[in-house]
There are 2 protein chains.
Amino acid sequence: MARTPTTTDVFNAVAEASRRDLLDALSSGEATVGELAERLGLSQPAVSKHLGVLRAVGVVHVRVDGKHRWYRLNGPALKPIHDWVRTFERTWNTRLDRLDDLLAELHSQEKKQS
Amino acid sequence: MARTPTTTDVFNAVAEASRRDLLDALSSGEATVGELAERLGLSQPAVSKHLGVLRAVGVVHVRVDGKHRWYRLNGPALKPIHDWVRTFERTWNTRLDRLDDLLAELHSQEKKQS
DNA sequence: TTGACACATTCCCATATGGGAATATGATGT
DNA sequence: ACATCATATTCCCATATGGGAATGTGTCAA
């Protein structure tokens, strides 16, 4: 057999750096194919295809609006990756590190609410 | 161009399910190629090749011991994945969820120390 | 209807894959 | 030296890739 198809699961879909870049770009909100193409310096067909893969594994959703297509991030689809890699977290993170992380996050959350 | 080579980075190396299985198996400690092959039901050459990829991206290390080769997990090499996917954590996790996670982990750590 | 626009799809190609089978390498025991 | 064991490597092949170029599709405005 050949290599596992990119649309098999989120792990394979996200292996490609351009697709991770697309998700990063979408984390700030909805975006159009053209916008993404310009932001990432990719051709329009390239972006369309990458978004097709990301859509196939459910990590992005589309909203059709006239001749535009608004792509939106669907974060929870990335959870399997998080859950898996989290198993190994203890190999580099101590409990105190994690507490620091949590406190830092609580702080940033407080800021956003003020 | 073709697809990004598996040895490019950890993301690509870990996209293949068999290689994730290998890492899972190694999380309980060092293991031999033969052991891994039997545990995962893979052929010896297959395991050797997969380990080669994992080694190329630094997520496993080898220790030569006579005619045996003890492979060992190098967890921190997975951190880039964790760091990246963590950016999206807030899309599915609330602060309280994370607190629950932390408490659960502290509990399990306490158990291991008794 | 026609044209312009925003995307999606198709066709092309060089390239790497993972798996099996076969073979090479290297260390050990006799 | 030799046979054996544990791994690595090579050769094979079907298959999918990502990118560019070209083309198809659907929507809007005049």
Side-chain angles (χ1 to χ4, degrees), chain A residues 1-23 25-26 29-73, chain B residues 1-23 25-26 29-73:
Chain A
M1 287 154 201
R3 194 161 170 187
T4 312
T6 41
T7 53
T8 301
D9 52 39
V10 202
F11 289 91
N12 284 277
V14 154
E16 177 79 15
S18 305
R19 285 193 285 265
R20 287 198 301 278
D21 292 342
L22 280 170
L23 294 180
L26 287 175
E30 281 186 335
T32 275
V33 176
E35 289 178 15
L36 293 169
E38 198 192 3
R39 275 205 244 168
L40 303 191
L42 296 175
S43 74
Q44 174 265 310
V47 173
S48 277
K49 290 184 216 168
H50 283 316
L51 288 174
V53 174
L54 294 174
R55 195 164 142 278
V57 299
V59 75
V60 298
H61 289 157
V62 209
R63 180 169 63 87
V64 180
D65 169 37
K67 50 183 168 184
H68 291 260
R69 243 133 164 124
W70 293 93
Y71 280 86
R72 159 180 30 106
L73 173 69
Chain B
M1 286 148 205
R3 194 163 171 184
T4 312
T6 41
T7 54
T8 301
D9 54 38
V10 204
F11 288 92
N12 284 277
V14 153
E16 177 78 16
S18 306
R19 285 193 287 263
R20 287 198 301 278
D21 292 342
L22 280 170
L23 294 180
L26 286 176
E30 281 186 334
T32 276
V33 176
E35 289 177 15
L36 293 169
E38 198 191 3
R39 276 204 242 169
L40 303 191
L42 296 175
S43 74
Q44 174 266 310
V47 173
S48 278
K49 290 184 216 168
H50 283 315
L51 288 173
V53 174
L54 294 175
R55 193 163 141 280
V57 299
V59 75
V60 297
H61 290 157
V62 209
R63 177 170 65 86
V64 181
D65 168 38
K67 51 184 167 184
H68 290 261
R69 244 136 164 124
W70 293 93
Y71 280 87
R72 159 180 31 106
L73 174 68

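In what follows, every chain begins at residue 1, and chains take the letters A, B, ... in the order their sequences are listed.
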Open item on the list: Going by the rule side-chain contact (heavy atoms from CB on, under 4.5 Å), which residues pair with A:Val10 if we only count those two or more places apart in sequence or in a different chain?
Closed with: A:Val14, A:Leu78, A:Ile81

Task: Along DNA chain C, first and last positions that approach a heavy atom of chain A under 4.0 Å - done: C:dC5 to C:dG18

- [ ] Map A:Ala2 and A:Asn12 onto DNA chain D by nearest heavy atom, then report which one ends up closer to the 5' terminus.
- [x] A:Ala2

Task: 5' priority, DNA chain D, between B:Glu35 and B:Arg3 [closest heavy atom] - done: B:Glu35

Show me the donor-acceptor pairs within less than 3.5 Å that the side chains of residues 54-69 of chain A make with the rest of the protein, sequence neighbours left out.
residue : atom : partner : partner atom : Å
A:Arg63 : NE   : A:Glu30 : OE2          : 3.0
A:Arg63 : NH2  : A:Glu30 : OE1          : 2.7
A:Asp65 : OD2  : A:Trp70 : NE1          : 3.3

Task: For A:Arg20, all residues meeting salt bridge (charged side-chain N to carboxylate O under 4.0 Å, His left out), sequence neighbours excluded - done: B:Asp9

TODO: Using the side chain to side chain donor-acceptor pair (under 3.5 Å) rule, collect all pairs that involve residues 31-45 of chain A, keeping only residues at least two apart or in two chains.
DONE: A:Gln44-A:Ser48

- [ ] If a protein heavy atom is under 4.0 Å from the base, mark B; if only from the sugar-phosphate, S; if neither, -; do that for nucleotides 25-30 of chain D going 5' to 3'.
- [x] --BS--

How far apart are the closest heavy atoms of [X] and [Y], and which atoms are they?
X: B:Asn12; Y: A:Ala15; result: ND2-O, 3.2 Å
X: B:Pro5; Y: B:Thr8; result: O-OG1, 2.7 Å
X: B:Ser18; Y: B:Leu40; result: O-CD1, 4.3 Å

Open item on the list: side-chain contact (heavy atoms from CB on, under 4.5 Å), that's the test. Do A:Arg19 and A:Val53 meet it? Break it down for me.
Closed with: CA-CA 9 Å; A:Arg19 285 193 285 265; A:Val53 174; 3.8 Å; yes

Open item on the list: Heavy atoms within less than 4.0 Å of DNA chain C: which residues of residues 42-57 of chain B have one? Give them sorted by number.
Closed with: B:Ser43, B:Pro45, B:Lys49, B:His50

Task: Distance (rounded to the nearest 0.5 Å) between B:His50 NE2 and B:Asp21 CG - done: 9.0 Å

TODO: Evaluate the criterion side-chain contact (heavy atoms from CB on, under 4.5 Å) for residue pair B:Leu51 and B:Val33; output intermediate values, then yes/no.
DONE: CA-CA 8 Å; B:Leu51 288 173; B:Val33 176; 4.0 Å; yes

Open item on the list: On DNA chain C, does the nearest nucleotide to A:Thr32 precede the nearest nucleotide to B:Thr6 from the 5' side, or the other way round? Give the residue.
Closed with: A:Thr32

